[in-house]
Undergrad: 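Once you've had a glance at the structure underneath, I'll fire off some questions.
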Amino acid sequence: MKDYFVYTEKMSVGYNGKPLIKDIEIELQKGQILTLIGPNGAGKSTILKSMIGQLSLLGGTVYIGRDELKKMSEKDLAKKMSVVMTERIHPELMTCGDVVSTGRYPYTGRLGILSEKDREKVREAMEMVNATELMERDFSAVSDGQRQRILLARAICQEPEIIVLDEPTSFLDIRYKLELLTILKKMVREKNVAVIMSLHELDLAQKISDVVVCVHGDKIERFGPPEEIFSAGYIRQLYGITDGSYNAQFGCIEMEGAKGEPEVFVIGGGGSGISVYRQLQRKGIPFAAGILHENDVDYPVAKALAVEVISEKPYEEIRPETYEKALNVMRKCKKVIGCTEKFGKMNEKNRHLLEESEHLL
């Protein structure tokens, strides 16, 4: 037996007896969040459905603790695992409180009668997802974002050791995305729960995950901590990005920059130039940027959007030859935009560039 709480051995998944992905090896400890990423149709949801027993395995085994998933009773599995999938549920004549309370059924008798302890668990779960005010609301009448919180409360109410979620941030605005992921992180830390989920938002996956699984083609292409997964080159390969770029430092995508000879020279630094770079990109105006140190926060965005970036090595004063190169590029531009009035010893020559531009234009 492996020393993991949840793991798979040579798991193969698919439909109608035809394997989609073979030999899947996933390993997760309690107190960790594992996130599946990959392009649409890669098989992330299929893997999750197979791991929870909703789809039959085509090969291999899923273990929870020392137990094989397929040998566990429904009741025993419900006490170990709770699930929040993307399929819409349409319970009739049920309040949000009623939906959450179904998470207690593994602990009730055959009649499903809730004890006072069960009702308290329901209240605690709804408080945890900030949904107490929805307790008496008709579940079919609340918004998609509110439904997602209610379903998460139901999962929490179940007191599982592992929570499986398929695209849990779908339909949520930015506030509730962050709120939901914060709740999951809190459960992982305080209750030592294991979480397995799929996400489309790479920036969120990069920030919240302890382990990332990359699904590509007919295999698990990479498995490891986010620091090993989220590089610009690999994400471009994983998603087949041909237009624009992926910024690994910021965990976001950048649109493709305008082509042609630079018409504008942007003097930025320290984050001051980023909004200008993006404004010029939106207008389709090719531009040059400089002089930027290669560890400056402006630098990766400038590299993605500018026709040319004049740069200097980190932590070094701008050399005369770098300054001359920037000056030559600037002289060919129709306009200069100075984004900062703050210059230190390391970038003093950017002040000279800005002063020189007043005589050129």
Side-chain angles (χ1 to χ4, degrees), residues 202-203 206-207 225-239 241-361:
L202 295 183
D203 58 329
Q206 185 175 8
K207 294 173 177 64
E227 293 76 21
E228 295 179 4
I229 300 297
F230 289 95
S231 66
Y234 177 64
I235 295 299
R236 285 180 66 90
Q237 172 191 322
L238 177 63
Y239 285 91
I241 297 173
T242 56
D243 299 316
S245 61
Y246 172 76
N247 187 316
Q249 289 93 331
F250 294 163
C252 66
I253 58 172
E254 296 290 351
M255 301 296 288
E256 189 173 17
K259 305 296 184 183
E261 292 297 319
E263 300 174 15
V264 177
F265 192 93
V266 183
I267 302 172
S272 64
I274 292 175
S275 63
V276 175
Y277 305 155
R278 289 179 175 152
Q279 288 177 46
L280 292 170
Q281 185 276 335
R282 289 197 298 272
K283 294 177 180 178
I285 300 173
F287 68 93
I291 303 167
L292 295 172
H293 286 87
E294 292 172 0
N295 61 334
D296 193 292
V297 68
D298 278 10
Y299 181 74
V301 183
K303 286 288 288 182
L305 301 180
V307 175
E308 184 172 0
V309 180
I310 297 86
S311 63
E312 187 56 270
K313 295 177 181 179
Y315 310 113
E316 292 189 7
E317 291 185 40
I318 296 172
R319 295 167 295 168
E321 56 267 35
T322 306
Y323 173 77
E324 286 299 322
K325 181 179 180 181
L327 188 60
N328 289 334
V329 174
M330 187 176 74
R331 283 172 175 159
K332 298 175 184 178
C333 294
K334 301 174 183 177
K335 183 178 181 179
V336 176
I337 300 177
C339 303
T340 181
E341 297 178 353
K342 297 180 179 180
F343 301 96
K345 182 179 179 181
M346 294 296 184
N347 70 337
E348 178 65 23
K349 285 188 169 59
N350 275 336
R351 184 200 302 276
H352 299 164
L353 273 181
L354 192 58
E355 292 171 350
E356 186 67 24
S357 71
E358 297 173 1
H359 304 296
L360 292 176
L361 305 173

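Because the structure is a prediction, the values reported are computed rather than measured. Computed over heavy atoms, backbone and side chain alike; hydrogens, waters and symmetry mates excluded.
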Undergrad: Flag the pair C252 / N247 as yes when at least one side-chain heavy-atom distance between them is below 4.5 Å, and no otherwise.
TA: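 Yes, close enough: below the 4.5 Å cut-off.
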
Undergrad: Please enumerate all residues that pass salt bridge (charged side-chain N to carboxylate O under 4.0 Å, His left out) together with R236, with sequence neighbours excluded.
TA: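 Salt bridge (charged side-chain N to carboxylate O under 4.0 Å, His left out) check on R236 returns nothing, list empty.
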
Undergrad: Taking the side chain as everything from C-beta on, heavy atoms only, tell me whether H293 gets closer than 4.5 Å to I318.
TA: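 Yes - at least one pair of side-chain heavy atoms lies under 4.5 Å apart.
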
Undergrad: Drop me the distance from L327's CG to S357's OG, to the nearest 0.5 angstrom.
TA: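 Rounded to the nearest 0.5 Å, the CG-OG separation comes out at 10.0 Å.
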
Undergrad: Applying the side chain to side chain contact (heavy atoms under 4.5 Å, CB included) test to E321, which of R319, K325, E324 qualifies?
TA: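 That would be R319; it is the only one of R319, K325, E324 passing the side chain to side chain contact (heavy atoms under 4.5 Å, CB included) with E321.
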
Undergrad: Identify the heavy atoms of Q206 and A248 that sit nearest to each other, and give their distance.
TA: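 Answer, listing the atom of Q206 first, then A248: NE2-O, 3.2 Å.
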
Undergrad: Does the side chain of K332 come within less than 4.5 Å of E261's, by heavy atoms?
TA: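 No - every pair of side-chain heavy atoms lies 4.5 Å or more apart.
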
Undergrad: Provide the closest heavy-atom pair for C339 versus G273 in the form atom of the first, atom of the second, distance.
TA: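 The pair with the smallest heavy-atom distance is SG-CA, 3.9 Å.
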
Undergrad: What are the two closest non-hydrogen atoms of A302 and L292, and how far apart are they?
TA: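 A302 and L292 have their closest heavy atoms at CB-CD1, 3.7 Å.
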
Undergrad: Supply the atom-to-atom distance F230 CZ to I235 CD1, rounded to the nearest 0.5 angstrom.
TA: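 With rounding to 0.5 Å, CZ (F230) is 5.0 Å from CD1 (I235).
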
Undergrad: Given side chains that start at C-beta, do those of L305 and R278 come closer than 4.5 Å, heavy atoms only?
TA: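 Yes, side chains in contact.
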
Undergrad: Do V276 and F287 have side chains that get closer than 4.5 Å, going by heavy atoms?
TA: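 In short, these two side chains do not touch, never coming nearer than 4.5 Å.
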
Undergrad: Rounded to the nearest 0.5 Å, what separates atom OG1 in T340 from atom CD1 in I267?
TA: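 If I round to the nearest 0.5 Å, the distance is 10.0 Å.
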
Undergrad: Between E317 and K349, is there a side-chain N and carboxylate O pair less than 4.0 Å apart?
TA: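 Answer for the salt bridge query: no.
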
Undergrad: Output the distance between atom CE (M330) and atom CG (L354), rounded to the nearest 0.5 Å.
TA: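 CG of L354 is found 8.0 Å from CE of M330.
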
Undergrad: Is any side-chain heavy atom of I291 less than 4.5 Å from a side-chain heavy atom of N347?
TA: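 No. Closest side-chain heavy atoms not under 4.5 Å.
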
Undergrad: In this structure, are over 12 heavy atoms from other groups packed under 6.0 Å from I253 atom CD1?
TA: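 Counting other residues, nucleotides and ligands, CD1 of I253 stays at 12 neighbours or fewer.
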
Undergrad: Would you indicate whether the side-chain heavy atoms of S311 and Y299 approach each other to under 4.5 Å?
TA: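 Yes, close enough: below the 4.5 Å cut-off.
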
Undergrad: Nearest 0.5 angstrom please: K303 NZ to E294 CD, how far?
TA: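 Going from NZ on K303 over to CD on E294, the span is 8.0 Å.
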
Undergrad: Search all heavy atoms of F343 against all heavy atoms of E348 and return the closest pair with its distance.
TA: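 Closest heavy-atom pair between F343 and E348: CB-OE1, 4.3 Å.
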
Undergrad: For S275 versus S272, what's the shortest heavy-atom pair and its separation?
TA: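 Here S275 and S272 meet closest at OG-O, 4.4 Å.
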
Undergrad: Heavy atoms only: give me the nearest I274-V297 pair and the separation to one decimal.
TA: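 Between these two residues, the closest heavy atoms are CD1-O, 3.9 Å.
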
Undergrad: Going from CG on L202 to OH on Y246, what distance comes out if it is rounded to the nearest 0.5 angstrom?
TA: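 It comes to 5.5 Å.
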
Undergrad: Under the 3.5 angstrom rule, does the side chain of E263 hit a backbone N or O of K335 as a donor-acceptor pair?
TA: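 No, E263 side chain to K335 backbone: no donor-acceptor pair under 3.5 Å.
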
Undergrad: More than 12 heavy atoms of other residues, nucleotides or ligands under 6.0 Å from NZ of K313: is that the case?
TA: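 Count not over threshold, so no.
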
